[in-house]
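Note that the structure is predicted; figures quoted are calculated from it, not measured. Whatever order the structure lists ligands and atoms in, that order sets their numbers, starting from 1.
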Amino acid sequence: METLAARAPEALDPAPPEPTPEARRLLVAEPCLGREEKAALTEVIDSGWITMGERVQAFERAFANMHGTEDAVAVSSCTAGLHLILQALRLGPGDEVLVPSLTFVATANCVLYVGATPVFIDIASTGLPLMSLEDAAAKCTPRTRAVILVHFAGYLVDPEPWRAFADERGLVLIEDAAHAAGLSGAGTLGAAAAFSFYGNKNMTTAEGGMVVARDPALREAIRQARGHGLTTGTFQRLNSRTPTYDVTMLGFNYRMDELRAALGLVQLSHLREWNETRRALTRLYRSLLQAECPEVSLPFEEGRPSVHHIMPVLLPACAERQAVIDALGERGIQTTIHYPPAHRLSFYRVHHPGVTLPATEAFAARELTLPLHPRMNQHDVRRVVTALREALVA
Ligand SMILES: *Cc1c(COP(=O)(O)O)cnc(C)c1O
């Protein structure tokens, strides 16, 4: 996991003198938090109502609006959202769910939460590190019920081929949209999608997530299961004549609180602008890397819709990755790896042995994630590219 650092605006907290640009530590991801977020949190505390109230509802409506969906359900994390989706779709023991291995482990874990079996699918190629339709077709069995798509690094998976794939086989499409907040088209590919607001995502509520689902009945089942399966929420009971409730399903405590929703409303109002900054920084990275580090390959074609969640590059096969990580680290530049493939993690090697995914393994062996977040500027990008070039010739 990346280290997360929130620097307060100087206006509120007198900060030590700014370090010289060369000395400033560049992290892979940094949240943008400041005066507006502090004011929003203060307002919630002063209001005396701290969970499941008007701000959660307002955040749900605002998020749904941005993604062109009818409504949304705020939850405690993207992982909780995925669990609720699979549970509401009644996936369970005996069912197989196709998942990429080049993803965060939560994508596969949520399948196990409901007792179903994750089936790992390779990426299309090292140049297009999204789930392969061909490998998915090859791994379908009569027990396959659903597919979880991941918009890896913030790049949209192709909606039409996947819809056709699912329709032909009677499968449910689900999106793990953790990398895709603000991405046009994300959240509308299939039955339901879950977004993440963890601290290193494109917008954050520290911890938090959002579920969108096309079918209102599915959405309401998810909303009810979020709060212990109760038929009414605390806020509705406050304003209703009968202070009672019923429980008609097995529920969970996956609620979002008012403090997080207040943060989310502020963050959402900046999301488009931040995603534009990410786009500009990515474009600069690509042109500088092509010119100065031609031996480094850049996954994804330039025109693919994206919210540029991370900046993955592929080092040349001969490069020693750990030496590059160390050289950049010495210059105050953090880098990470996205991802150690899920099927290669000890837990999955024991529980799902014998999986081999050549393209995923080749990608993960050479991948390096460079710093990318809206607090960076063009000088930071130049600094990273220069450091990478020097590390590669060393
Ligand atoms: C971050 C992430 C998650 C988990 O999100 P949480 O909100 O932390 O539960 C799931 N899938 C992917 C692809 C992620 O990057």
Side-chain angles (χ1 to χ4, degrees), residues 1-4 28-31 59 63 72-87 97-114 118 120-121 123 129-131 146-157 173-183 186-187 189 192-212 222 226 252-257 260-261 263-264 267-268 271 278 299 306-312 336-343 345 347-348 360 363-364 367 369 372-373:
M1 270 291 97
E2 295 86 333
T3 329
L4 300 173
V28 164
E30 277 186 43
F59 182 34
F63 193 86
V73 183
V75 289
S76 53
S77 69
C78 174
T79 308
L82 291 170
H83 185 188
L84 290 171
I85 290 168
L86 296 181
Q87 151 109 359
V97 180
L98 309 183
V99 296
S101 176
L102 189 72
T103 183
F104 185 57
V105 68
T107 315
N109 286 352
C110 68
V111 177
L112 292 179
Y113 294 166
V114 297
F120 291 112
I121 305 299
I123 52 174
L130 298 172
M131 208 160 33
V147 186
I148 305 183
L149 298 165
V150 177
H151 306 289
F152 178 77
Y155 293 80
L156 189 71
V157 305
L173 279 186
I174 299 159
E175 292 164 67
D176 175 344
H179 295 188
L183 176 61
L189 266 74
F195 293 82
S196 175
F197 308 132
Y198 183 61
N200 62 5
K201 301 303 202 276
N202 286 30
M203 62 171 275
T204 186
T205 61
E207 296 280 356
M210 191 71 80
V211 173
V212 300
I222 289 168
R226 161 186 75 178
F252 303 89
N253 179 0
Y254 284 164
R255 293 177 303 228
M256 177 176 277
D257 60 73
R260 288 186 164 77
L263 287 177
Q267 294 267 306
L268 193 62
L271 184 61
R278 288 172 179 278
S306 180
V307 287
H308 308 280
H309 172 53
I310 54 171
M311 181 68 211
T336 54
I337 295 163
H338 284 85
Y339 286 96
H343 76 284
L345 301 172
F347 173 78
Y348 281 100
T360 296
F363 183 90
E367 198 271 347
T369 303
L372 178 65
H373 55 77

> Taking T204 for the side chain and Y198 for the main chain, is one N or O donor matched with an acceptor at less than 3.5 Å?
Replying inline: yes
> What atoms in ligand 1 come closer than 4.0 Å to a heavy atom of T103?
Replying inline: 13 (C)
>> Contact between Y348 and S101 at the side-chain level, heavy atoms closer than 4.5 Å - yes or no?
In response: no
>> Check for me whether Y339 has a heavy atom closer than 4.0 Å to any atom of ligand 1.
In response: yes
>> Students should be able to answer this: which protein heavy-atom is nearest to atom 14 (C) of ligand 1, and at what distance?
In response: A178 CB, 3.3 Å
>> For ligand 1 and C78, I'd like to know whether there is a polar contact (N/O to N/O, distance under 3.5 Å).
In response: yes
>> So, 4.0 Å and heavy atoms of A194: is ligand 1 close enough to count as a contact?
In response: no
> Which residue supplies the protein heavy atom nearest to atom 15 (O) of ligand 1, what is that atom called, and how far is it?
Replying inline: H179 NE2, 2.8 Å
>> Considering non-hydrogen atoms of the protein only, which is the closest contact for atom 11 (N) of ligand 1, and what is the distance?
In response: D176 OD2, 2.7 Å
>> Can you tell me how the ring of F120 sits relative to the ring of H343, calling it parallel under 30°, perpendicular over 60° and tilted otherwise?
In response: tilted
> At what distance is the nearest protein heavy atom to atom 3 (C) of ligand 1, and which residue and atom is it?
Replying inline: F104 CD2, 3.7 Å
> With backbone taken as N, CA, C and O and side chain as the heavy atoms from C-beta onward, which portion of T79 lies under 4.0 Å from ligand 1: side chain, backbone, both, or neither?
Replying inline: both
> Nearest protein heavy-atom contact for atom 8 (O) of ligand 1: which residue, which atom, what distance?
Replying inline: Y198 CB, 3.9 Å
> Is T107 close to Y339 at the side-chain level, that is, under 4.5 Å between some pair of heavy atoms?
Replying inline: no
>> Heavy atom to atom 5 (O) of ligand 1, shortest distance: which of G209, G208, G199, S196 holds it?
In response: S196
> Are the side chains of D176 and C78 in touch, meaning some heavy atoms are under 4.5 Å apart?
Replying inline: yes
>> Testing the basics here: between T103 and V150, what is the closest heavy-atom pair and its distance to 0.1 Å?
In response: OG1-CG2, 3.7 Å
> What protein heavy atom sits nearest atom 2 (C) of ligand 1, and how far off is it?
Replying inline: K201 NZ, 3.1 Å
> Do the side chains of L372 and I310 get nearer than 4.5 Å, heavy atoms only?
Replying inline: no
> Are Y113 and F252 an aromatic pair by the rule of ring centers under 6.0 Å?
Replying inline: no
> Applying a strict 4.0 Å limit to heavy atoms, is H309 in contact with ligand 1?
Replying inline: no
>> Is there a side-chain contact between M131 and V157 in this structure, where contact means two heavy atoms from C-beta onward sitting under 4.5 Å apart?
In response: no
